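Below, all heavy atoms of this structure are taken into account, side chains as well, without hydrogens, waters or symmetry copies. What you are looking at is a predicted structure, and each value in this text was computed from that prediction instead of being measured.
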Amino acid sequence: MGIRIYNTATRRKEEFEPRDEGSVSMYVCGPTVYNHIHIGNARTFLSFDVVRRYLEYRGFDVSFVQNITDVDDKIIKRANEEGRPATEVAAEYTTAFQDAMASLGVAPPTVAPKATETIPEMISMVRRLIEREYAYEVDGDVYFSVRSFSDYGKLSGRDIDEMNAGSRVDVDDRKRDPLDFALWKAAKPGEPHWTSPWGEGRPGWHLECSVMSEKELGVTFDIHGGASDLIFPHHENEIAQSEAATGEPFVRYWMHGGLLQVNKEKMSKSLGNFMLLKDVLKDYDASAVRLMMLQTHYRSPLDFSDDRLDEARTSYERIITPIREVRAATEQPALRRDVQAGAEDRNELLAAIESARERFISEMDDDFNTAGALGALFELARATNRFLGEFGVGEGESNVPLLRQAGNALEELLGVLGITVAERPRSAYPQTVVALARDLAGYEGEDVERAVDALLAARAAARTEKNWAAADAVRDGLGELGFSVEDTSSGARIIYDSRI
RNA sequence: GGCGACGUGGCCAAGUGGUAAGGCAGGGGCCUGCAAAGCCCUCAUCCCCGGUUCGAAUCCGGGCGUCGCCUCCA
């Protein structure tokens, strides 16, 4: 059985069959660039990053399109508040968005169209809709007439007549129906504007995604994603626009992610209970953030808290430890224990590798069940730790190929989830270790790396002499600088402890 | 009021008909100079009440509770 995807449009899981065999066209609604993105936004982009990575892992050639909405009411509002051009605001936060995505390890889209660079196509779609009598113009504004599109409401399961539209918003009496939405907005003085058959104006938000997706992927593309708060009205409106304009089905599979919550309440910019991604990443590794989020299924709500991030950081260490251990052991095999593993034990680890891989794939095939997939990886981590602890590299390093196989499998599958084993950056050692080395190890140079080497050597010597006080002074001193020292059978190891 | 989702151990969370993955935390043990890491053991009958079935966390009905959408929102 292949990949199954929960399709919001049909409310059930469906076998995934792309439009074109072997390739996938997917579109995910991107940000409106008027502020830094918060971690709720990040969760959605992360979810679809994993979808994209997994589809590629399964051999599909994925065209991944994500727009940048760089002209919008909120951008204009912000620009007015700050007394600078809207284009400047948009440019600033576009860059910030791209930087934030990169720091979370989200792969860049194949194409990232900007609304302001797609204006002619937007005007063209509005014109098509007017010609087909799905849209009408009033005083330079153009509205989509929801009642002219009989399928309106099919994605969100709503009936126009049962919605008490306008009950909480002022009804614009120029609209034929309160639910009619703007395709094109006449520009007010000082706003960004483009020349159109209806006068100077700018595109409506919903229009942008219909146009940019069609331009890059054509009609009836495979996957359209976004968070569940976009189902209505945004995605409903996209369907109406695109299907009315083209007469073809818009999208094959609609995927919607669950919302991030804080204290059981939705995190949103309007509620003000948000945390910016860039701030969270100051304190937590991207991989830990990814692990935290991926331990919950993408469609479920996820309650966010520092406690959960702390837990995720601990479990991140757990899952990458065997990878580090295997590297250390296979790089310095002479120092490792050399117990020969019997065929039975070797086969057991081999079987664990195979079953982890199989389970990972079957969990991910089932609507991208990252939580289940991670479960499989934790099990492989334990099997690897057990083997490593019991046999090491084996006599004549005979266990090395098998251990590498286990470590590589873990690393490869974690990589599909975008979780990487962070290499300790060389620059991580602060200059203060030099002083520490001078005090405790008699080191006289200025190089931080060598200072650390000197400290570890001094500690090893002290331990040989059973001078525990001197040995512990080194460990405690490094500990205060944020590094922990762990003794392994291949000698002491120093790791940066991000908790400090 | 309409539409929808959800309710699994101390916390988080997979599992959607055949007898409860995994992570975090806790308890006991091994290893260690001490630690850390790791390993082993231990820790639930799935919100409540009915029903269907040989058998249900898993299906149906009814409660109770939480959340989301119906307005810009990832």
Checklist entry - What do the steps show when you test A/R459 against A/L478 for side chain to side chain contact (heavy atoms under 4.5 Å, CB included), and what is the final call? => result CA-CA 11 Å; A/R459 178 168 175 274; A/L478 283 168; over 6 Å; no

Residues [X], [Y]: salt bridge by 4.0 Å N-O rule:
{"X": "A/R359", "Y": "A/E363", "value": "yes"}
{"X": "A/R147", "Y": "A/D177", "value": "yes"}
{"X": "A/K185", "Y": "A/E191", "value": "no"}

In whole angstroms, how far is the [atom2] atom of [N] from the [atom1] atom of [X]?
{"X": "A/M26", "N": "B/A74", "atom1": "CE", "atom2": "C1'", "result": "14 Å"}
{"X": "A/I320", "N": "B/A37", "atom1": "CD1", "atom2": "P", "result": "13 Å"}
{"X": "A/N7", "N": "B/G4", "atom1": "CG", "atom2": "P", "result": "16 Å"}
{"X": "A/I319", "N": "B/C24", "atom1": "CD1", "atom2": "C1'", "result": "14 Å"}
{"X": "A/R313", "N": "B/A36", "atom1": "CZ", "atom2": "P", "result": "18 Å"}
{"X": "A/H297", "N": "B/C12", "atom1": "NE2", "atom2": "P", "result": "19 Å"}
{"X": "A/F232", "N": "B/A74", "atom1": "CZ", "atom2": "C1'", "result": "18 Å"}
{"X": "A/L374", "N": "B/G15", "atom1": "CG", "atom2": "P", "result": "13 Å"}

Next on the checklist: I'd like to know if the side chain of A/D303 pairs up with that of A/S305 as donor and acceptor (distance under 3.5 Å, no hydrogens or angles considered).
Outcome noted: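 No - no donor-acceptor pair under 3.5 Å links their side chains.
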
Using atom [atom1] in both nucleotides, what's the gap between [N] and [M] to the nearest angstrom?
{"N": "B/G7", "M": "B/G15", "atom1": "C1'", "answer": "15 Å"}
{"N": "B/G9", "M": "B/C43", "atom1": "C1'", "answer": "8 Å"}
{"N": "B/A57", "M": "B/G38", "atom1": "P", "answer": "34 Å"}
{"N": "B/C24", "M": "B/U16", "atom1": "C1'", "answer": "26 Å"}
{"N": "B/A21", "M": "B/A74", "atom1": "P", "answer": "39 Å"}
{"N": "B/A13", "M": "B/G1", "atom1": "C1'", "answer": "34 Å"}
{"N": "B/U19", "M": "B/C70", "atom1": "P", "answer": "43 Å"}
{"N": "B/C67", "M": "B/C12", "atom1": "P", "answer": "14 Å"}

Quick one: which of [options] gets closest to the side chain of [X]?
{"X": "A/R158", "options": "B/C72, B/G2, B/A74", "value": "B/G2"}
{"X": "A/F378", "options": "B/A37, B/G15, B/G23", "value": "B/G23"}
{"X": "A/L179", "options": "B/U71, B/G23, B/A74", "value": "B/U71"}
{"X": "A/Q261", "options": "B/C67, B/C34, B/A74", "value": "B/C67"}
{"X": "A/R459", "options": "B/C24, B/A21, B/G33", "value": "B/G33"}
{"X": "A/D366", "options": "B/A74, B/C11, B/G15", "value": "B/G15"}
{"X": "A/D487", "options": "B/A74, B/A14, B/C34", "value": "B/C34"}

Who does [N] pair with, Watson-Crick or G-U, both distances under 3.5 Å?
{"N": "B/C39", "answer": "B/G29"}
{"N": "B/C69", "answer": "B/G2"}
{"N": "B/G10", "answer": "B/C24"}
{"N": "B/G18", "answer": "B/C54"}

Checklist entry - Does A/L302 or A/R463 map to a spot on RNA chain B nearer the 5' end, using the closest nucleotide for each? => result A/L302

Checklist entry - Quick one: on RNA chain B, does A/A371 or A/Y34 contact a more 5' nucleotide (nearest heavy atom)? => result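 Upstream on the strand: A/A371.
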
Checklist entry - Quick one: are A/R324 and A/E317 in side-chain contact, heavy atoms under 4.5 Å? => result yes

Checklist entry - Considering only heavy atoms from C-beta outward, does the side chain of A/L413 approach that of A/L417 to under 4.5 Å? => result no

Checklist entry - What orientation do A/F368 and A/Y298 show, parallel under 30°, tilted 30 to 60°, or perpendicular over 60°? => result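 Ring orientation, 0 to 90° scale: perpendicular.
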
Next on the checklist: Check the orientation of A/H224 and A/Y27. Use parallel for under 30°, tilted for 30 to 60°, and perpendicular for over 60°.
Outcome noted: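 Rings of A/H224 and A/Y27: tilted, 30 to 60°.
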
Could one point to a donor on the side chain of [X] or the base of [N] with an acceptor on the other under 3.5 Å away?
{"X": "A/D472", "N": "B/G33", "result": "yes"}
{"X": "A/D303", "N": "B/C67", "result": "no"}
{"X": "A/R475", "N": "B/A35", "result": "yes"}

Next on the checklist: Minimum heavy-atom separation for A/A227 and A/H256, please, with both atom names.
Outcome noted: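 The answer is O-CD2, 3.4 Å.
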
Checklist entry - Contact class for A/G226 vs. all strands (heavy atom < 4.0 Å): base, sugar-phosphate, or nothing? => result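 Touches sugar-phosphate only.
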
Checklist entry - What is the nucleic acid contact for A/S268, judged by heavy atoms within less than 4.0 Å: base, sugar-phosphate only, or nothing? => result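 Counting heavy atoms under 4.0 Å across all strands, the contact made by A/S268 includes a base.
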
Checklist entry - B/G33 base stacked by A/W468? Criteria: ring centres under 5.5 Å, plane angle under 30°. => result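 One would call A/W468 stacked on the B/G33 base.
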
Pick out the pairs of N or O atoms, protein on one side and nucleotides 38-41 of chain B on the other, that lie under 3.5 Å.
| from | atom 1 | to | atom 2 | distance (Å) |
| --- | --- | --- | --- | --- |
| B/G38 | O3' | A/N385 | ND2 | 3.1 |
| B/C39 | OP1 | A/N385 | ND2 | 3.4 |
| B/C39 | OP2 | A/R318 | NH1 | 3.3 |
| B/C40 | OP1 | A/R386 | NE | 3.0 |
| B/C40 | OP1 | A/R386 | NH2 | 2.7 |

Next on the checklist: Can you tell me if A/S156 touches the phosphate of B/G2, counting only side-chain N or O atoms and a distance under 4.0 Å to OP1 or OP2?
Outcome noted: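 Checking B/G2 against A/S156, no side-chain N or O comes under 4.0 Å of OP1 or OP2.
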
Next on the checklist: Would you say A/K266 places a side-chain N or O within less than 4.0 Å of OP1 or OP2 belonging to B/C69?
Outcome noted: yes

